[in-house]
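For reference, the structure discussed in these notes is given below.
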Amino acid sequence: MIPLVDLKAQYRSIRDDIDGAVTRVLARADFIQGEEVSLFEQEFAAYCGTSQAIGVSSGTQALHLALSACGIGPGDEVITSPFTFSATAEAVYYLGGRPVFIDVDPVTCNLSPELIEKAITERTRAIVPVHLYGRPAAMVPIMDIARRRGLKVVEDAAQAHGAVYKGRTAGAIGDAGCFSFYPAKNLGAYGDAGMVVTSDPEIGERVRLLRDHGRTDKYEHTAVGYNARLDTLQAAVLRVKLRCLDHWTWQRRRIAEQYRELLANQPVQVLQDEEDTLSVYHLMVVRTPFREHVRNHLLRQGISTGIHFPIPLHLQPAYRELEYREGSLPESERAAREVLSLPIYPELSDAQVFQVASAVKEALLTAEDSGPGPN
Ligand SMILES: *Cc1c(COP(=O)(O)O)cnc(C)c1O
């Protein structure tokens with residue numbers, strides 16, 4: 001059996017350090033805004049190269065509070081990708097804003113920068129690029145448009161801890177960057193957790209205020225805020241794991257390279273590394289019109305796969321009122337039909353990668369006989 005991710009294997013490799021860190025918090029009992037939170041914030045800011053990092057309760061809250069701190073409010077339009085997890089658009093809704101979806105690039109599955117300009121109206125306030133699968137979006141053209149048109153940029157870096165784009169860390173390029181530490185992310189807590197990074201002191205100050213009931217003192221509240229703090233226990237876990245992150249990223253990149261070699265010259269599209277960027281391979285995604293056939297073939301051999309994501313947001317029932325039609329964002333819709341995530345995690349062995357790739361090849365050999373793909 002090969003799972004899509006194996007969090008138990010990871011825990012086994014760092015158990016003593018994790019148990020020690022958790023035990024220290026239990027003994028100190030500083031569960032809310034404890035010492036580990038500010039230490040982790042300092043360490044994560046240094047890791048990203050920003051002046052500030054503000055721990056929050058989830059990646060979703062990171063997006064919500066970062067957009068709020070950037071001044072997004074009722075009626076404001078925020079340009080983003082439809083090919084992402086629902087949280088990216090939810091955050092805009094929480095503030096009474098309206099997500100404006102534009103299509104993705106067929107090769108990278110990230111926002112197509114050349115489509116941004118056409119989507120800008122007088123209500124547009126921000127762009128939220130998503131660094132999907134751990135691969136940085138085209139931040140140079142995105143920042144260029146944003147600066148020219150006076151828009152804020154909030155990066156959804158929930159899948160991209162430590163990814164690098166032209167020498168800068170994903171999340172540290174826009175006005176603010178948002179991270180998720182959902183357990184299965186490249187840097188994962190043992191529960192929900194998130195972070196906003198920024199080098200803008202006003203945005204940082206505002207997020208800090210909003211995450212903790214808008215208070216400046218124990219019982220003085222200068223804003224109507226939220227309970228959206230990062231747990232001290234999660235911060236303690238994340239500090240241990242941050243020390244391993246570069247090694248884990250290196251393992252992921254090595255595994256991705258193996259997959260690319262093993263699947264070269266196969267009738268399947270494998271995401272390539274780009275010049276000047278360092279993807280952190282949160283997911284190892286291949287594309288084929290015969291996805292269901294491949295997925296079932298792997299499942300019969302005990303190999304789990306995932307689909308990220310089967311329905312683009314503009315076609316989700318939740319966003320029906322935005323009135324997008326099927327066919328309106330064709331590249332996102334085609335990606336949703338073709339993408340397949342193969343197992344990738346740092347502890348995956350060479351033999352297992354070989355086994356998965358062989359199963360994919362076998363499946364592709366019989367794909368044509370299984371009937372035409374959905375396209
Ligand atoms: C995981 C994820 C989120 C949400 O993070 P949570 O910590 O689960 O709230 C947002 N955007 C993307 C792209 C994600 O993958």
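All figures in this text were calculated on a predicted structure; none of them were measured in a lab.
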Checking Arg211 side chain against Arg229 main chain: does a donor-acceptor pair fall under 3.5 Å?
-> no

State, with a plain yes or no, whether a side-chain heavy atom of Glu41 is found less than 4.5 Å away from one of Met195.
-> yes

Kindly state each residue pair satisfying side chain to side chain donor-acceptor pair (under 3.5 Å) with at least one member in residues 319-329, sequence neighbours excluded.
-> Ser86-Tyr319, Tyr93-Glu321

Would a distance-only check, ignoring hydrogens and angles, find a side-chain to backbone donor-acceptor pair under 3.5 Å from Asp144 to Val140?
-> no

Salt bridge Asp350-Arg254, side-chain N to carboxylate O under 4.0 Å = yes

So the ring pair (Phe, Tyr, Trp, His ring centres under 6.0 Å) pairs with at least one residue in residues 6-46 (sequence neighbours excluded) are Phe40-Phe44, Phe40-Phe181, Phe44-Phe179, Phe44-Phe181

Can you list, pair by pair, the side-chain donor-acceptor contacts under 3.5 Å of residues 340-348, counting residues two or more places apart and other chains?
| unit_1 | atom_1 | unit_2 | atom_2 | d |
| --- | --- | --- | --- | --- |
| Ser341 | OG | His308 | ND1 | 2.7 |

With sequence neighbours excluded, residues passing side chain to side chain contact (heavy atoms under 4.5 Å, CB included) with Val104 = Ser81, Pro82, Phe83, Glu331, Ser332

Can you check whether Val56 reaches Leu65 side chain to side chain, under 4.5 Å on heavy atoms?
-> yes

Any side-chain heavy-atom pair from Thr108 and Glu274 closer than 4.5 angstrom?
-> yes

Donor-acceptor pair, side chain of Arg291 and main chain of Ala336, under 3.5 angstrom | yes

OH of Tyr182: more than 12 outside heavy atoms within 6.0 angstrom?
-> no

Student check: side-chain heavy atoms of Ile307 and Arg295 closer than 4.5 Å | yes

I would like to know whether Arg148 and Glu117 meet salt bridge (Lys or Arg N to Asp or Glu O under 4.0 Å); could you show each step before the answer?
-> CA-CA 10 Å; Arg148 250 189 306 114; Glu117 203 97 53; 3.5 Å; yes

Sidechain N-carboxylate O distance under 4.0 Å for Glu155, Arg168 = no

Pair Arg287 + Glu338, salt bridge at N-O below 4.0 Å | yes

Strictly by modelled atom types, are His314 and Glu333 linked by a side-chain donor-acceptor pair under 3.5 Å?
-> yes

Test item: Thr249 side-chain N/O and Leu245 main-chain N/O as donor-acceptor pair under 3.5 Å = yes

Could you tell me which residues satisfy ring-ring contact (aromatic ring centres under 6.0 Å, His included) with His131, sequence neighbours excluded, listed by chain and number?
-> none

Under 3.5 Å, is there a donor-acceptor pair between the side chain of Asp105 and the main chain of Val107?
-> yes

N/O donor-acceptor pairs under 3.5 Å from side chains in residues 351-362, not counting sequence neighbours:
| unit_1 | atom_1 | unit_2 | atom_2 | d |
| --- | --- | --- | --- | --- |
| Gln352 | OE1 | Ser349 | N | 2.9 |
| Gln352 | OE1 | Ser349 | OG | 3.3 |
| Ser358 | OG | Phe354 | O | 2.7 |
| Lys361 | NZ | Leu262 | O | 3.2 |
| Glu362 | OE1 | His297 | NE2 | 3.0 |
| Glu362 | OE1 | Gln301 | NE2 | 2.9 |

With no hydrogens and no angle check, is any side-chain donor or acceptor of Ser279 less than 3.5 Å from a backbone partner on Gly134?
-> yes

Does Asp175 come within less than 4.0 Å of Arg147, counting only side-chain N to carboxylate O?
-> yes

Just by distance, do the side chain of Gln52 and the backbone of Val197 share a donor-acceptor pair under 3.5 Å?
-> no

Begin with the C-alpha distance, continue with both residues' side-chain angles, and end with the deciding distance and a verdict on side chain to side chain donor-acceptor pair (under 3.5 Å) for Glu77 and Thr121.
-> CA-CA 8 Å; Glu77 292 180 2; Thr121 72; 2.8 Å; yes

Please check if the side chain of Asp19 supplies one atom and the backbone of Asp16 the other of a donor-acceptor pair under 3.5 Å.
-> no

Give a yes or no answer on whether the side chain of Lys241 reaches the backbone of Ala189 with a donor-acceptor pair at less than 3.5 Å.
-> no

Ile127 side chain reached by Leu111 side chain, heavy atoms, under 4.5 Å | yes

Would you say Arg125's side chain and Glu122's backbone share a donor-acceptor pair under 3.5 angstrom?
-> yes

Indicate the atoms forming the closest heavy-atom contact of Thr232 with Asp30, along with that distance.
-> OG1-O, 2.8 Å

